[in-house]
Amino acid sequence: RRQKLLNPGKSLYRVLLDSVTLNDENVQFQIIHEENKVLLQVEICEIEGNIFRLKIDEASPLRARYKVPDVLIKEPTTQRLFISQKEAGILALSSVNEDYKLQVTANPFQIELQSKGETVLSMNSNGLLYFEHLQPHPTDRKPTEENKEATSDSSKEKLEDLGLWQEKFGSFLDIKAHGPSSVGMDFSLHGFDHVYGIPQHTEALLLKNTSDGDAYRLYNLDIFGHKIHDKIGIYGSVPLLLAHKTNRTSGIFWLNSSETLVDISTRAVAEDMPFGSAAETAKQRVVPLTDVRWMSESGIIDVFLLMGPTAFDIFKQFAQLTGTQALPPLFSLGYHQCRWNYEDEQDVKAVDAGFDEHDIPYDVIWLDIEHTDGKRYFTWDKKKFQNPRKMQEHLRKKKRKLVVIVDPHVKVDPTYSLYSQAKDKGYFVKDRNGQDFEGICWPGSSCYLDFTNPEVRKWYADQFAFKTYKGSTNILFVWNDMNEPSVFKGAELTMQKDAVHYNNWEHREVHNLYGFYQQMATAEGLIRRSAGKERPFVLTRSFFAGSQKYGAVWTGDNTAEWGYLKISIPMLLTISMAGISFCGADVGGFIGDPEPELLVRWYQAGAYQPFFRGHSNMESKRREPWLFGEKKTQIIREAIRERYVLLPYLYTLFYRAHTAAEPVMRPLWIEFPGKIETFGVENEYMLGNALLVHPVTEQEAKAVSVLLPGSEEIWYDFRKFKRVEDPGALKIPVTLENIPVFQRGGTVIPLKTTAGKSTEWMIDISYELHVALDTEACAIGELYLDDGHSFQYLHKKQFLYRKFTFHKNILSSSCTDESGQYHTTCVVERVIILGFGQQPTFATACSKDGKEKEVVFTYDTKTSALTLENLALSVDADWEICIN
Ligand code: MIG
């Protein structure tokens with residue numbers, strides 16, 4: 001509210017050019033506010049890899065302001081900037097390679113960032129830099145000339161209205177011990193009118209203009225039954241915004257963990273034509289420009305400008321700062337069966353058996369809060385789960401896993417050792433009076449662990465040790481829920497902002513980091529219980545920038561309605577672009593009862609999304625996949641089996657996400673950055689670079705409108721292998737059996753020849769390659785393979801990273817990364833070449849040791865698919881198949 005009183009116009013900030021200093025790391029100078037005369041310290045640096053960082057803090061604050069710790073994986077490596085001009089009210093800085101130029105205007109203070117002469121981004125050009133300096137509390141101030149006003153009656157009213165020192169939320173009073181400390185700034189993105197990112201909202205892929213409505217809010221909240229198409233923040237936040245135009249992608253990463261609002265508006269501006277351009281007469285052209293205004297409740301301004309220039313560069317740049325996706329254990333890419341709740345050991349066994357009975361693969365069964373002894377996490381309900389180890393041994397024999405929920409609130413109960421220990425050690429978040437903050441949650445009166453404290457995180461991680469967590473075994477993994485944190489009867493159902501954390505920081509400063517830290521500690525706990533050997537799996541509901549390092553996220557309590565299935569696609573795409581590849585939405589919709597058709601459609605969509613879990617609310621009817629009649633069971637079985645067969649490809653994509661920060665699930669525009677018709681597409685997406693998936697999200701759909709982009713592209717039906725005749729915008733007929741999936745020409749997809757009962761049952765199943773030819777009759781693809789569960793791939797380089805190339809009628813298998821080695825007896829059994837021109841006369845396979853053998857094949861003239869069978873070619877060896 002206070003920031004909104006500042007309207008676009010001339011900024012009151014001016015650079016003190018005399019204060020400019022330059023060193024190897026950065027350029028620093030001071031700016032002054034013309035009215036309040038407060039000095040701010042500005043720091044600009046260039047970070048290796050086309051990143052710029054701008055920091056603004058008070059030059060001499062009353063007390064230190066909060067700077068987000070633990071999100072950046074390391075102190076970024078900076079590059080020296082050069083001052084190329086410092087006169088006539090301009091400070092010009094250039095990068096080493098001179099590709100970038102920063103032009104700082106002194107009065108008013110503005111920064112323009114240019115790449116090779118093209119202005120990409122400007123800052124404070126609308127004059128919305130806003131910085132509330134810390135002040136003594138009005139009652140502590142001596143009545144001087146300057147603050148006389150602040151103690152007069154009318155201004156008291158103003159203070160209250162604007163919530164400077166305290167604010168009411170319904171019945172909740174937020175006392176701001178340190179007063180107002182809000183920060184904000186505007187950015188103009190030149191030439192851009194497509195912006196993305198800043199999850200999590202139930203919104204469209206393309207960010208909307210907010211000028212006549214609500215700003216996008218980044219404030220992690222548990223909103224049960226949240227609406228769709230809403231800009232209120234839910235569960236998690238990543239303050240990363242992407243902007244795209246045909247020749248460039250840029251990113252803004254606003255590193256601030258307090259409540260943040262983002263206003264967006266796109267307008268058209270006149271721009272001078274580049275000198276010597278074709279249109280000699282018209283000196284100006286109209287170009288789009290997007291203004292983005294960030295406003296945060298507290299902290300400092302610490303912003304990273306990711307200069308791309310491609311979307312993949314942006315992902316790398318963001319990962320360079322916040323880390324890449326953790327490589328998931330393979331089982332966690334299988335199907336997960338969850339419900340609130342699977343009642344007891346018998347129920348778990350019965351559901352597990354149901355999957356075998358109905359021949360449906362699955363990897364993990366989940367236990368929600370009811371499995372505990374009175375919502376005391378790390379314990380078991382003694383009646384329902386009398387022998388949790390035995391139950392896990394049963395699942396282990398079935399080669400399956402268990403995930404249990406562990407929430408961050410701790411029941412106030414002196415006989416509960418988790419509580420009493422944490423209480424004694426002072427590990428809970430405090431209220432403003434220094435007492436342990438107590439809120440209401442599932443167990444009733446609860447305290448909240450202060451995960452911002454490293455000592456608490458270490459202690460928490462130790463709780464997962466097998467000997468401490470009674471009844472846990474190494475097939476048990478963890479789900480962190482309610483970690484926004486959710487506080488029943490709290491302001492907006494979360495913790496009061498004036499609660500106090502480690503080092504005396506108020507909750508308002510760290511709010512959006514709370515869940516991030518819990519997942520961090522949990523993942524650390526799972527790693528530590530295995531003495532550093534095993535990869536953890538932790539699902540979290542709340543997240544922040546960097547959460548990708550610790551596991552998976554899901555989109556929370558969606559509803560069993562078609563609209564929620566539909567919106568889950570842009571929501572997952574947005575989370576993926578923000579660095580978190582391992583994401584999913586509750587299949588079926590959590591709240592309510594999906595009609596069987598919706599459930600089927602949701603399974604079909606989920607099977608082609610990164611995290612694939614069926615989940616349902618306590619009040620909803622049971623909905624295990626076989627409860628809706630033989631036909632529906634059959635279709636769901638088929639969807640899940642397709643997922644399992646596709647796992648080699650998916651796992652390879654996760655390896656790419658882990659090592660090269662490429663999102664697993666990606667919007668079309670990322671693969672087709674020059675095709676403007678793809679920029680707003682959100683009803684279909686790419687899985688890796690090879691598959692285009694179009695979930696069916698309409699009831700009783702007979703056909704869907706699919707866009708197969710790229711005039712130079714060839715697309716093939718993924719199941720029927722047939723080339724699509726006239727790609728572009730198409731109407732594709734659909735039946736309930738499956739959803740449209742297409743393979744892009746030029747790619748090779750590794751699959752398994754069949755599905756098994758779970759991923760672990762599939763280790764020895766042989767591979768199949770789908771080679772889809774492009775216009776040049778070429779294709780290329782990869783396969784990543786390791787033990788699927790340990791860190792040996794990292795520490796001992798025990799992995800295989802293979803490459804398959806098809807060129808001049810030769811398919812060759814070669815090594816992508818010689819440093820990795822992993823032995824497997826698995827073979828490539830079958831190869832299907834899509835779009836093969838004509839019936840071949842013969843084909844031979846030769847291994848690198850010179851052995852040659854003839855290959856059996858069949859050619860389908862209708863589809864032009866050539867199938868090579870009984871190959872038995874080692875996955876870990878080089879070989880070639882020549883087709884004549
Ligand atoms: O508000 O633990 O989003 O997945 O089943 C309900 C019970 C609390 C919310 C989670 C949901 C979970 C449920 N939890």
Side-chain angles (χ1 to χ4, degrees), residues 199-200 202 220-228 233-236 336-343 347-348 351 364-381 384-385 402-411 439-444 446 448 477-490 492-495 514-515 518-519 522 537-543 547 551-560 564 567-568 571-572 575 583-594 602 606 611-624:
Q200 184 180 18
T202 53
N220 298 348
L221 288 179
D222 173 10
I223 303 181
F224 188 81
H226 55 250
K227 296 195 306 257
I228 45 178
I234 50 170
Y235 311 120
H336 300 255
Q337 183 64 37
C338 187
R339 174 167 175 84
W340 181 14
N341 212 85
Y342 285 122
E343 291 301 326
D347 197 8
V348 168
V351 172
V364 193
I365 189 157
W366 291 52
L367 295 179
D368 208 321
I369 48 177
E370 313 299 329
H371 82 277
T372 59
D373 174 12
K375 319 292 188 302
R376 292 171 186 86
Y377 307 103
F378 300 99
T379 71
W380 304 84
D381 181 312
K384 299 172 179 165
F385 295 90
L402 178 71
V403 168
V404 298
I405 199 164
V406 181
D407 287 356
H409 51 261
V410 179
K411 184 178 172 73
I440 311 284
C441 211
W442 295 121
S446 304
Y448 289 75
F477 296 86
V478 180
W479 169 22
N480 293 152
D481 186 23
M482 311 298 274
N483 52 359
E484 294 70 29
S486 180
V487 180
F488 301 165
K489 301 194 186 144
E492 294 193 275
L493 286 194
T494 193
M495 189 174 277
Y514 190 82
Q518 190 199 10
Q519 192 192 22
T522 305
F537 170 77
V538 184
L539 179 76
T540 181
R541 191 169 70 179
S542 185
F543 55 85
S547 291
V553 311
W554 95 107
T555 58
D557 298 343
N558 54 5
T559 300
Y564 286 82
I567 203 78
S568 69
M571 287 177 73
L572 295 176
I575 294 172
C583 58
D586 285 347
V587 168
F590 178 70
I591 302 168
D593 298 301
W602 217 314
F611 175 61
F612 183 28
R613 181 184 75 155
H615 185 32
S616 51
N617 190 12
M618 180 117 107
E619 273 97 52
S620 64
K621 299 193 190 106
R622 295 287 287 237
R623 56 166 100 134
E624 287 71 48

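Start at 1 and go down the list; that is how both ligands and their atoms are numbered. No hydrogens, no waters, no symmetry mates; every other heavy atom, side chains included, goes into these values.
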>> I want to check a possible cation-pi pair here: Arg339 against Trp366, using under 6.0 Å from ring centre and within 45° of the ring axis as the test.
In response: no

**Item:** Aromatic Trp479 / basic Arg613 pairing, under 6.0 angstrom, 45° off normal
**Value:** yes

Could you tell me if the side chain of Val364 sits less than 4.5 Å from the side chain of Leu402, heavy atoms only?
no

So do the side chains of Tyr514 and Pro408 get within less than 4.5 Å of each other, counting heavy atoms only?
yes

*Using the benzene-type ring in the case of Trp, are the ring centres of Phe537 and His336 under 6.0 Å apart?*
yes

Notebook entry, point to check: Are His409 and Tyr377 near enough that their ring centres are under 6.0 Å apart?
Noted result: yes

List, pair by pair, the atoms of ligand 1 and of the protein that are both N or O and lie under 3.5 Å apart, giving the separation rounded to 0.1 Å.
from	atom 1	to	atom 2	distance (Å)
ligand 1	2 (O)	Asp368	OD1	2.5
ligand 1	2 (O)	Asp481	OD2	3.4
ligand 1	3 (O)	Arg541	NH1	2.9
ligand 1	3 (O)	Asp557	OD1	2.4
ligand 1	4 (O)	His615	NE2	2.8
ligand 1	5 (O)	Asp368	OD2	2.5
ligand 1	5 (O)	His615	NE2	2.8
ligand 1	14 (N)	Asp481	OD2	2.7

